[in-house]
Structures are given as structure tokens and as C-alpha cells.
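Everything below concerns the one structure shown next.
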Amino acid sequence: MSTVFVLVNQDHLLLERSGKWGYGNDLRALYRTPYRDEALNQKVELTVKDPLLRARIEQATLDEKGIPRLADDLLAAIPPRPIVVEAPEDSAENTPDEPADAPDSSDADAPAQAQLG
């Protein structure tokens, strides 16, 4: 088994090859390099783009299929993926025709009619 290096940010997310931070769902998509100095260069480049970034380099081993095997404590620190619930777009309850606090047209004309009468 060979050793590779991956990057982890302050939120315990892993850098992917696409340049985005992910939850490590697909370990094949992780940024990894066999050289620590390349990982350090990548960390410096990311820090220049985002000065608030606090990334660290973690060591991992590759299994027989070439997939990184991360340490158990590193995997345990990864936060769960947020669940995104999308509201239905065409629901009548969510999209009223008139705002809830708008007066009815019959109620708005009542004071004017009372003054005329």
C-alpha cells in the first residue's frame, strides 16, 4: 500500500479534485497526491484565495483499488451532509393569490359607501 496526502479544512471537509470541499462520499474523487510538498503547495494556493481557510494535510494509504483509506478519527470528524428539503413549487397553500394581510375588496369599499349613504 502506498501513502498519499489529502487536505482537510477547519470544518472537517475534504478537498475534492474539482477544487470544492466535500463530505468524502466518493473517496475516489478526493484530491490526493503522493508528495507532501505538492499537498503543501495546494494548501498555500487555497489559502491565498481564501485567507480565512484553515487547512491541514492528512496522510492516507491507498487500498488495492487505489482508493484512499482515511484514518477512523478523520472519518468520524466529518460532519453529516445537510438535508435539503425543497418546497413544492405549484402548491396553492404556498403561493396565495393575495397576501394574507391584504383587505378584501368588499371590506375596503364598505367605509366609503357608509360615508356616501
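None of the values given here were measured: they were computed from a predicted structure.
- Not a single side-chain hydrogen bond (donor to acceptor under 3.5 Å, both in side chains) links Arg17 to another residue, sequence neighbours left out.
- The other residues sharing a hydrophobic cluster with Leu70 are Phe5, Val6, Leu7, Val8, Leu13, Leu14, Leu15, Trp21, Tyr23, Leu27, Leu30, Tyr31, Leu40, Leu46, Leu53, Ile57, Ile67, Leu74, Leu75, Ile78, where clustering joins ILVMFWY side chains under 4.5 Å apart.
- Once rounded to the nearest 0.5 Å, the distance linking CZ of Arg36 with CG of Asn41 reads 12.0 Å.
- Evaluation of the side-chain contact (heavy atoms from CB on, under 4.5 Å) rule for Asp72 yields no partner, not counting sequence neighbours.
- Put simply, the side chain of Leu62 reaches to within 4.5 Å of the side chain of Pro68, judged on heavy atoms.
- In terms of heavy atoms, Ala60 sits closest to Arg69 at CB-O, 3.5 Å.
- Residues in residues 48-58 take part in these side-chain hydrogen bond (donor to acceptor under 3.5 Å, both in side chains) pairs, two or more places apart or across chains: Arg56-Glu58.
- Asp26 is linked by a side-chain hydrogen bond (donor to acceptor under 3.5 Å, both in side chains) to Arg28, counting only residues two or more places apart in sequence or in another chain.
- By the side-chain hydrogen bond (donor to acceptor under 3.5 Å, both in side chains) test, Glu38 pairs with Thr33, sequence neighbours left out.
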